[in-house]
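Written out below as structure tokens is the structure these notes cover.
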Amino acid sequence: MRILAFWVAKSGKPASVSGFEFSTASRLGLRVEHIDTESYQGEQLVKQYRVNSLPTIIALSNAGMVLQTWSGYDQPTAEQLGYYIERGY
């Protein structure tokens with residue numbers, strides 16, 4: 001499973017996004033990809049995943065399927081991420 005974290009680079013690389021602690025994802029063995037929405041690649045991914053607000057966290061299966069999207073203050077908990085890990089995504 002992969003985690004995409006969409007944010008704006010001007011604010012510096014965050015340790016958390018609205019309560020989502022990247023250290024929690026790391027502790028669970030998840031790879032977090034920080035996506036700067038103002039970069040060329042970031043702009044393409046914003047379109048691809050239809051990101052409408054920041055911050056946005058997207059959980060992807062190993063096959064690239066969107067499992068769940070969290071935006072704004074609604075950020076994933078360790079329990080929510082654990083649900084997908086337990087199921088082998």
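The residues of the chain are indexed from 1 along the displayed sequence. Any value given below was found using the heavy atoms of this structure, including those in side chains, with hydrogens, waters and symmetry copies removed.
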- Message: Would you say that more than 12 heavy atoms from the other residues, nucleotides or ligands in this model lie under 6.0 Å from the CD of Q48, or not?
- Response: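 Check passes, neighbour count above 12.
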
- Message: Has Q80 got a side-chain atom pairing as donor or acceptor with T77's backbone, closer than 3.5 angstrom?
- Response: yes

- Ignoring hydrogens and geometry, is there a side-chain-to-backbone donor-acceptor pair from R50 to V46 under 3.5 Å? no

So, do [X] and [Y] sit near enough that their side-chain heavy atoms are less than 4.5 Å apart?
X: V51; Y: I58; answer: yes
X: E79; Y: L81; answer: no
X: Q68; Y: Y84; answer: yes
X: L60; Y: Y49; answer: yes

Can you name the nearest heavy-atom pair linking [X] to [Y], along with the distance?
X: I35; Y: G42; answer: CG2-CA, 3.6 Å
X: S71; Y: S53; answer: CB-OG, 3.4 Å
X: G88; Y: N62; answer: O-ND2, 4.4 Å
X: W7; Y: L54; answer: N-CD2, 4.2 Å
X: A5; Y: I57; answer: CB-CD1, 3.7 Å

- Item | Those residues that, when tested against E33, pass side chain to side chain donor-acceptor pair (under 3.5 Å) (two or more places apart) |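 If we apply the side chain to side chain donor-acceptor pair (under 3.5 Å) test to E33, skipping adjacent residues, the hits are R2, R31.
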
- Would a hydrophobic clustering, with Ile, Leu, Val, Met, Phe, Trp and Tyr connected at side-chain separations under 4.5 Å, put M65 with W70?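 Yes, one cluster joins them.
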
- Message: Taking side chain to side chain contact (heavy atoms under 4.5 Å, CB included) as the definition, give me every residue that meets it alongside I85, ordered by chain and number, with sequence neighbours left out.
- Response: M1, L28, L30

